[in-house]
Every structure is written in structure tokens, then in C-alpha cells.
Number of protein chains: 2
Amino acid sequence: MSSAETLGRDREGRAAALLAEPVADKGIPASTVARLPVYLRVLHQLAGSGQDTVSSGALAEAAGVSPSQLRKDLSYLGSYGTRGVGYDVAHLSFQLGREVGSTQEWPVVIVGIGNLGTALANYSGFYSRGFRVVGLVDPSPDLVGRRIHGLAITDLAELEDVVGRTGAVIAVIATPAEAAQGVADRLVQLGVTSILNFAATLLAVPPGVTVRKVDLGQELQILAYHEHRKAGELSKTGHATVRERGMID
Amino acid sequence: MSSAETLGRDREGRAAALLAEPVADKGIPASTVARLPVYLRVLHQLAGSGQDTVSSGALAEAAGVSPSQLRKDLSYLGSYGTRGVGYDVAHLSFQLGREVGSTQEWPVVIVGIGNLGTALANYSGFYSRGFRVVGLVDPSPDLVGRRIHGLAITDLAELEDVVGRTGAVIAVIATPAEAAQGVADRLVQLGVTSILNFAATLLAVPPGVTVRKVDLGQELQILAYHEHRKAGELSKTGHATVRERGMID
DNA sequence: AATTGTGAATACTTTCACAGCG
DNA sequence: CGCTGTGAAAGTATTCACAATT
């Protein structure tokens with residue numbers, strides 16, 4: 001998988017009372033958070049196919065997790081199921097969406113409009129999940145002014161302007177590795193607090209800013225490791241052995 | 001984050017003696033495996049900048065992990081450091097590369113040459129890590145025959161031919177979600193045992209086949225969750241609190 | 001004197017198993 | 001009766017802290 005990092009790991013004493021939200025809103029494990037979008041996607045599919053109720057077993061199967069893990073995950077959010085019956089698809093979908101923040105629209109700025117940035121700008125999966133690409137930024141004079149889906153590419157020099165005007169707090173960095181840290185610094189300065197980083201470099205950001213990294217080369221290398229292992233086992237035992245289940249997300 | 005799944009979770013009794021490889025080659029935790037490519041990248045950088053020795057502290061810092069985690073990770077591979085001194089960059093780099101399988105070249109086939117597939121086909125990060133894109137496959141008549149870096153796009157109907165000719169065991173699926181499972185089935189049939197899946201769907205594969213999923217929309221949703229939480233905290237306490245460190249990889 | 005390698009301790013995650021409820 | 005929700009148990013991963021080694 002990809003990885004999440006949030007630099008700055010000291011913790012507040014969690015003094016504030018948590019009466020504000022209908023459902024307790026604290027300490028959901030990171031591993032659970034990473035699975036919520038999966039559940040949400042499956043629920044949308046189910047809703048689309050006319051199912052209006054689903055059991056933990058069926059939902060878990062479709063999401064690729066164990067039923068007990070699904071129930072444990074959902075239990076962090078509240079008790080949205082009905083014993084003996086299951087979950088109401090529409091209701092659970094709404095509750096999950098509310099938790100993940102997908103009931104609102106999030107403006108997103110993409111910095112670095114190379115092959116990958118262009119692909120991301122065209123990616124329909126963002127739109128359907130509530131993200132609106134409101135800024136495309138690149139330093140290349142060849143690209144500035146071109147349009148993707150009607151949105152013009154802006155010069156990197158005007159990054160301040162773009163972020164300020166759109167109010168984006170989520171940004172995607174798809175620049176070469178060398179440029180990424182500089183871009184991140186400017187984004188953070190402008191109030192961006194969540195960054196999805198495709199550059200093959202570690203970003204240093206202040207506490208309170210969340211970075212998720214997707215390193216495509218790294219993903220393949222992890223697969224190569226498994227291949228390598230399979231080949232080794234094969235040559236020793238004469239038949240492939242089964243690897244244990246992966247991790248993360 | 002991205003996620004690793006390997007369906008089929010039964011385990012062999014691990015009867016075979018493990019004398020073949022110089023270093024014990026068993027049970028490296030999945031979380032460690034996911035970090036090895038990061039260490040490898042940092043080591044390459046260090047080598048490039050002329051450093052020939054590095055301490056666990058410095059290497060850990062550059063990789064974004066704790067020194068003790070780095071040392072624990074490396075300890076699974078063997079004892080490649082020198083107490084009181086540190087690690088020899090070239091030697092550690094070689095050992096890590098050998099473990100990850102990046103001393104050899106891996107032919108890779110990409111299926112689905114839309115925006116994302118095109119970006120992946122152009123991505124230089126694959127080449128530098130030992131991957132060779134040897135096949136580009138898509139069903140669209142508009143695309144078949146076009147070339148990317150000199151490699152012609154082949155019709156999906158000839159998938160069998162492409163995989164057979166190139167001997168690829170690693171494939172990337174960048175098709176629409178609906179097409180992904182069908183493509184995966186054919187790939188597995190052809191002997192592919194590692195798949196990097198960008199389609200927003202869960203792939204069912206037989207035991208022994210490793211799948212890693214990268215869902216870009218999902219990555220943003222995880223960030224949105226954090227934003228959502230920050231906004232909530234902010235409105236309650238008047239200042240942003242720091243989130244705990246993420247997970248995965 | 002400095003830094004690795006590693007058992008032991010801690011923290012986190014998943015699974016189990018069953019009580020609770022519709 | 002069936003399925004959820006959840007404490008308790010088991011399994012993993014990370015951090016600590018220090019002995020071992022150069």
C-alpha cells in the first residue's frame with residue numbers, strides 16, 4: 001500500500017468534552033479509517049443494484065474483509081445495524097459518508113500537470129466521491145493556458161492566487177521529486193492541510209498537516225519482492241506455496 | 001494508502017529446509033517489506049551524493065521512520081551493519097536490492113491505456129527500479145497500433161500472445177472497474193502472479209497470486225476524513241489539534 | 001565512544017466467541 | 001432464530017533500552 005504520515009506526533013490530552021456530535025467522534029483507528037472508503041464504495045454499488053438491506057457477512061465479503069472486522073470497524077462509528085436483520089444500506093451509507101466527509105464537496109488543486117497530473121485531472125473517480133478539481137498548476141510555458149475539462153492550467157508562480165481564490169485545503173502533488181518539497185512548503189504556507197503526494201520523496205510538513213504518499217515504483221517493488229520469494233520457494237519445493245495475507249491499506 | 005492482499009490464507013508447514021540462500025529468507029513482516037523500497041531509494045540517493053557510510057539514525061531520518069524501526073527492519077534480512085560505525089551504503093544497497101529482487105529486470109504488462117495507463121507507460125520511475133514495460137494492451141481500436149516510447153499498443157484480444165511472448169509475471173490493471181475482474185482472470189490464467197490494480201474494485205484471485213490495490217479516490221477520501229476531523233476539532237477548541245501518526249504504507 | 005542488533009515491553013490490530021436484542 | 005455489537009484473547013508491529021561489538 002500507500003502510506004499515511006502525519007508529522008508531529010504529540011497528542012492533546014483530549015480534554016474537550018465530546019458532546020457536540022450526535023455520535024462519539026474520537027479515536028477511530030487509522031486502519032479502520034483506511035477501510036471506510038471501501039465500505040462506502042460497496043454500499044453505493046448495493047444501493048445502485050436496489051438492495052436496501054445487507055448483513056455484515058455480505059458487506060464484508062464484497063469489501064474483502066472478515067465479518068468481524070467489518071462489525072468492529074462500524075462499531076467505532078456507532079450502532080447503525082439492526083440485530084437479527086443487518087444494516088440499512090441507505091442509512092449506513094449516509095452515516096459513513098458523514099464520517100468521511102463525503103457529504104460535502106472538497107475543492108482540490110493539482111500541482112504538476114505531466115502525464116500523471118493530466119491523468120488525475122481527467123480521473124472521474126474524484127468527482128464521483130465529492131472532490132472538485134478547481135486548480136491545475138504547472139511551471140511549464142507549454143502547458144500554461146491549456147485546458148483540461150474546461151479548466152485552464154495556471155502558472156506555478158500564481159499558486160498563491162489559485163489556492164487563495166478557490167479555498168482549497170486539499171492538494172495533489174504530481175511534480176518531479178526535486179520540486180515536491182518546495183511546492184509542499186508553499187501549499188502549507190497557503191493553508192493547505194492535506195496533501196496527496198505522488199513524488200518519490202518524503203515530504204517534511206509541520207504538525208497538523210496530513211500527507212499521504214503514493215509511490216508507484218514502490219508498489220511494483222513490493223510485488224517484485226513477492227515474485228522473488230515465490231520463485232525461490234518454487235525452486236526449492238517444486239510447487240508454489242501460498243503467501244500469507246498482506247497488511248495495511 | 002494502498003493495500004496488499006493475497007487471497008488464500010492457508011499456510012504450508014514450512015517443511016523445506018532453508019539452506020539454499022546465504023541469508024535466512026523467511027517470514028519478513030509485510031510492514032517491513034513495504035518499507036524496503038523506501039530504504040533502497042534513500043540509499044541510492046546517498047550513493048549518488050558520494051556518501052559511503054550511513055548510520056541507522058541518518059538513514060531512518062531520510063526514510064521517515066524511527067531509528068529503532070529501521071534497525072529492526074534490517075535485522076530481518078541479516079547483520080549488514082558495523083557496530084560503532086554504521087552501514088556501508090553500497091553493501092547495504094546491494095543486499096536490500098537482492099532481497100527485493102531489484103537486481104533483476106522484471107517485464108511488466110500494462111492493461112488499459114487510458115489517461116492513467118498512458119501516464120504509467122511514460123513513468124520513468126518504473127524503469128529506474130528495474131521494471132521494463134514490455135506490453136501495452138487496450139481494446140479500443142483508436143488506441144491499438146499507437147506507440148508510447150516506441151512500444152505499440154496491442155489489442156486486448158491478443159493479451160494471451162503478449163503475455164506469452166514477453167513472459168511477464170507482473171501486470172498492471174488500469175482499466176475501468178467493470179473490466180478489471182475479467183482481465184485479472186485472463187492474466188492469472190496466463191501465469192501472471194502479481195497484479196497492481198488501479199481499478200476501483202476488489203479483485204478475486206486464486207491463492208498464490210498477489211494483488212496490490214491503488215485506489216486514488218480512496219486516498220483522497222482518507223485525506224478528506226482527516227480534514228473533516230480537523231475542522232470539527234477546530235470549531236470546538238479554537239485551535240487545530242495534532243493527529244496521531246498514520247499507519248500502513 | 002559510537003552505533004548496531006535484539007530481547008522485552010508496549011501499543012495497536014484482528015479475530016474469537018458469545019451476550020444482547022430485534 | 002439470526003445477526004449485531006463488543007469485551008476478551010490472540011496475533012502483529014513498534015518502541016525501548018541495553019548488551020555486544022568494533
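Everything quoted here is computed from the prediction, not taken from an experiment. Numbers restart at 1 for each chain; the letters A, B, ... are given by sequence-line order, proteins then strands.
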A.B. asks: Rounded off to whole Å, could you give me the CG-to-C1' distance for the B:L74 and C:dT6 pair?
C.D. replies: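 Those two atoms, CG and C1', are 13 Å apart.
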A.B. asks: Report the C-alpha separation of B:S102 and B:L40 in whole Å, then their side-chain angles, then the decisive distance to 0.1 Å, and conclude whether the side-chain contact (heavy atoms from CB on, under 4.5 Å) test is met.
C.D. replies: CA-CA 10 Å; B:S102 72; B:L40 210 37; 3.8 Å; yes
A.B. asks: So, is B:R35 near the phosphate of D:dT14, with a side-chain N or O under 4.0 Å from OP1 or OP2?
C.D. replies: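 Result: yes.
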A.B. asks: A:T210 and side-chain hydrogen bond (donor to acceptor under 3.5 Å, both in side chains): which single residue from B:R229, B:K230, B:E227, B:H226 fits?
C.D. replies: B:K230
A.B. asks: To the nearest Å, give me how far apart CD (A:Q69) and C1' (C:dC12) are.
C.D. replies: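 Nearest whole value for this atom pair: 13 Å.
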A.B. asks: Within residues 50-58 of chain B, find the residues that approach DNA chain C with a heavy atom at under 4.0 Å, and present them sorted by residue number.
C.D. replies: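 B:S55, B:S56, in order of number.
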A.B. asks: Compare all side-chain heavy atoms of A:L70 with those of A:D73 and state whether any distance is below 4.5 angstrom.
C.D. replies: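 No, side chains not in contact.
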A.B. asks: To the nearest Å, give me how far apart CG (A:D73) and P (C:dT15) are.
C.D. replies: 10 Å
A.B. asks: Taking atom CD as the centre, does B:E61 end up with more than 12 heavy-atom neighbours from other residues, nucleotides or ligands that are less than 6.0 angstrom away?
C.D. replies: no
A.B. asks: Calculate the interatomic distance between A:L92 atom CG and D:dT4 atom C1'; express it in whole Å.
C.D. replies: 12 Å
A.B. asks: Please give, in whole Å, the distance from D:dC16 P to B:L70 CG?
C.D. replies: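 Value for this atom pair: 15 Å.
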A.B. asks: Measuring only between side-chain heavy atoms, which start at C-beta, is B:I170 closer than 4.5 Å to B:L196?
C.D. replies: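 The answer is no; the side chains never approach within 4.5 Å.
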A.B. asks: Between D:dG5 and A:Y87, is there an OP1 or OP2 to side-chain N/O distance shorter than 4.0 Å?
C.D. replies: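 A:Y87 to D:dG5 OP1/OP2: side-chain N or O found under 4.0 Å.
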A.B. asks: Separation of A:Y76 atom OH from C:dT13 atom P, in whole Å?
C.D. replies: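 Spelled out: OH on A:Y76 to P on C:dT13 is 8 Å.
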A.B. asks: Is there a donor-acceptor contact under 3.5 Å linking the side chains of A:Q95 and A:R98?
C.D. replies: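 The answer is yes; a qualifying pair exists.
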A.B. asks: Please give, in whole Å, the distance from C:dT3 P to B:D88 CG?
C.D. replies: 16 Å
A.B. asks: Please tell me if the side chains of B:Q69 and B:R35 come closer than 4.5 Å, counting only heavy atoms from C-beta onward.
C.D. replies: yes
A.B. asks: Would you tell me if any nitrogen or oxygen in the side chain of A:S66 comes within less than 4.0 Å of OP1 or OP2 on C:dT15?
C.D. replies: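 Result: yes.
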A.B. asks: With DNA chain D as reference, determine whether A:G84 or A:S75 sits nearer its 5' end, using the nearest nucleotide of each.
C.D. replies: A:G84
A.B. asks: Considering heavy-atom distances to DNA chain C, does B:G81 or A:V85 have its closest nucleotide positioned more toward the 5' end?
C.D. replies: B:G81
A.B. asks: In whole Å, I'd like the distance from the CG atom of A:L59 to the P atom of D:dG5.
C.D. replies: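 For the pair A:L59 CG and D:dG5 P, the rounded distance is 12 Å.
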A.B. asks: Does the side chain of B:L116 reach to within under 4.5 Å of the side chain of A:L120, using non-hydrogen atoms?
C.D. replies: no
A.B. asks: Can you confirm whether the side chains of A:T53 and A:D88 place a donor and an acceptor under 3.5 Å from each other?
C.D. replies: no
A.B. asks: Atom pairs under 3.5 Å, N or O on each side, protein against nucleotides 7-10 of chain C: can you list them with distances?
C.D. replies:
unit_1: C:dG7; atom_1: N7; unit_2: B:K72; atom_2: NZ; d: 3.4

A.B. asks: Reckon A:S68 has a side-chain N or O less than 4.0 Å from the OP1 or OP2 of C:dT14?
C.D. replies: no
A.B. asks: Okay, side chain of B:Q181, backbone of B:A204: is any donor-acceptor separation there less than 3.5 Å?
C.D. replies: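 Between the backbone of B:A204 and the side chain of B:Q181 there is a qualifying donor-acceptor contact (under 3.5 Å).
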A.B. asks: Reckon B:S31 has a side-chain N or O less than 4.0 Å from the OP1 or OP2 of D:dT14?
C.D. replies: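 For D:dT14, OP1 or OP2 has a side-chain N or O of B:S31 closer than 4.0 Å.
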A.B. asks: What's the closest nucleotide to the side chain of B:P29 if the choices are D:dC18, D:dA13, C:dG22?
C.D. replies: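 Selected nucleotide (nearest to the side chain): D:dA13.
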A.B. asks: Is a donor-acceptor pair below 3.5 Å formed from side chain A:R83 to base D:dT4, judging by atom type as modelled?
C.D. replies: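 Yes, the side chain and the base share a sub-3.5 Å donor-acceptor pair.
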